[in-house]
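Chain A is the first sequence line, chain B the second, and so forth, proteins listed ahead of strands; every chain is numbered from 1.
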There are 2 protein chains.
Amino acid sequence: MKTLSIVRTFGGIQSVFSHASKACRCDMRFAVFTPPEDIHGVGPFPVLYWLSGLTCTEENFISKAGAQRVAAELGMVIVAPDTSPRGADINENDVPDDPDGAYDFGLGAGFYVDATEAPWATHYNMYSYITEELPAIIEKEFPVDAARTGIFGHSMGGHGALTIHLKNPRKYKSCSAFAPIVAPTSVPWGEKALSNYLGADKDKWASYDATALLTDHGASEAHILIDQGRADHFLDTQLKPEIFNMAADKAGQALTLRMQAGYDHSYYFIATFIEDHLRWHHRALMQAA
Amino acid sequence: MKTLSIVRTFGGIQSVFSHASKACRCDMRFAVFTPPEDIHGVGPFPVLYWLSGLTCTEENFISKAGAQRVAAELGMVIVAPDTSPRGADINENDVPDDPDGAYDFGLGAGFYVDATEAPWATHYNMYSYITEELPAIIEKEFPVDAARTGIFGHSMGGHGALTIHLKNPRKYKSCSAFAPIVAPTSVPWGEKALSNYLGADKDKWASYDATALLTDHGASEAHILIDQGRADHFLDTQLKPEIFNMAADKAGQALTLRMQAGYDHSYYFIATFIEDHLRWHHRALMQAA
């Protein structure tokens, strides 16, 4: 593990690391915030995984969301990984990026799945990376209380957070999302990504669809929080939170869906409500066994 | 005036505008945050001008500093201009950028002076832009109380804030800075910029040197706040706040200089202490006549 940067902020430490990933067969980057030791001691601390949206790296969240202020106050660790495999290893193995050079597939668009189709299957294994390899590193190298782990994210990362929570509710005990993709099997972003990463058989897509998971597997014990801007340009075509809301009603899933008037899809929206999300997770995780 | 973007954040509005600048003879951009009307009404509000550092545009501060949260709570407008003339007009007139392509002169490095030397004098008139043209637009188009105007900034922008305040204490009634250049006539960044923009005669530089201004003109009535990170790589070579501190002592200038252990020159440092600065200005401006 190599330290790429280490900066003091709000009394804590914001760092970025790189390491040779087995799951993705390339160097991967992730960011970690640890809270101030002089206030909170040396831990272990509750830990939150933040999954970013399309086009993001590990950098967007840590520079724009303003989460460190609240995490420093509450005493929480936040881990923010990159959104796809990236770098020279990928190019050397002749894995093409999206042939159209689009933003919604390939680099920056891993969709938190384990790809099964060539050529993506070699590197695009973000599901295993996020749920196995990364937590193993974090729990070994950082002062986190693994029994108090939560997950949240934005857009494609909200999809990642919801699906990973619903498939691993005992590991990720709290879950929230900003403007998540809740039904990727039936919206353009998801159809493009899942058909390329997983192939044409739509039955295989269902295990990466939050709404399908809720219907098939039933509710988790968590109370999920979703914030969605009403002025979000992707609301009606790609996000459709009402689909997940209906499935939650049916499955008995505790869900608070807040439709925020005037807010768009940007980090200005995330920054506005990040404090609510951190306090929501902190409350849930401090009650967790 | 053209609206380039308009986004809701923390209940207020963060916008970016462009306009044809007379002072800089090119299109200039500036960002404006206005606080939530449902909490604070329609104004007029106290207004703060933020001056950014080397390499920045109007974008860095509004996406990274986290100021909107506090400005929304306090009910303040924040104006963040670009740091130099920029764009096609500059290139068409064959104004070279720094011949070495360096970050510390030319584009992104206007140093808040009115250049007197060719070819800079045509466009590089950031002092007049910031102190005359921009306030005239802001006071005409936005709900600000011009009698409650403050100024603050970072690094080169801290230099801009201190010099503009000291030269115009009745206009800019409150002043603070993060890691400011306080004595540009005697550090490499300042020597390079001022010799090119103003020519070889160092007497002309003094009117853009905060320490010299304090010595020559005397103290302002404001209580100036400066935060400086001790782990800032530029501290000993470019910033040297102790020089200004000594001049303030001598001139009877009220100054609080806080040396912050562990903090560097980045927006992670700014974000940590921005709330203190906004509350500092708000207190001062609410007492202003």
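The only member of A:Phe178, A:Tyr263, A:Phe152 that meets ring pair (Phe, Tyr, Trp, His ring centres under 6.0 Å) when paired with A:Phe273 is A:Tyr263.
Relative orientation of the B:Phe142 and B:Phe17 rings is perpendicular, given thresholds of 30° and 60° on the angle between their planes.
Proximity to chain A is absent for every atom of B:Gln260, based on heavy atoms less than 4.5 angstrom apart. Contacts of B:Ala72 with chain A are absent, with no heavy-atom separation under 4.5 Å from either backbone or side chain. Of the two parts of B:Ile62, the backbone and the side chain both hold a non-hydrogen atom closer than 4.5 Å to a non-hydrogen atom of chain A. Heavy atoms closer than 4.5 Å to chain B are found nowhere in A:Ala231, neither backbone nor side chain. Looking at B:Tyr267, there are no atoms closer than 4.5 Å to chain A (heavy atoms on both sides), in backbone or side chain.
The CD1 atom of B:Ile226 lies 5.0 Å from the CG atom of B:Leu255; values are rounded to the nearest 0.5 Å.
With sequence neighbours left out, B:Ala183 forms a side-chain contact (heavy atoms from CB on, under 4.5 Å) with B:Ser186, B:Asp209, B:Thr211, B:Ile243.
The pair B:Arg69-B:Glu73 fails the salt-bridge criterion, with no side-chain N (NZ, NE, NH1 or NH2) lying under 4.0 Å from an Asp/Glu carboxylate O.
Between chain A and the options B:Gly66, B:Gly262, B:Ser266, the largest number of non-hydrogen pairs under 4.5 Å is found for B:Gly262.
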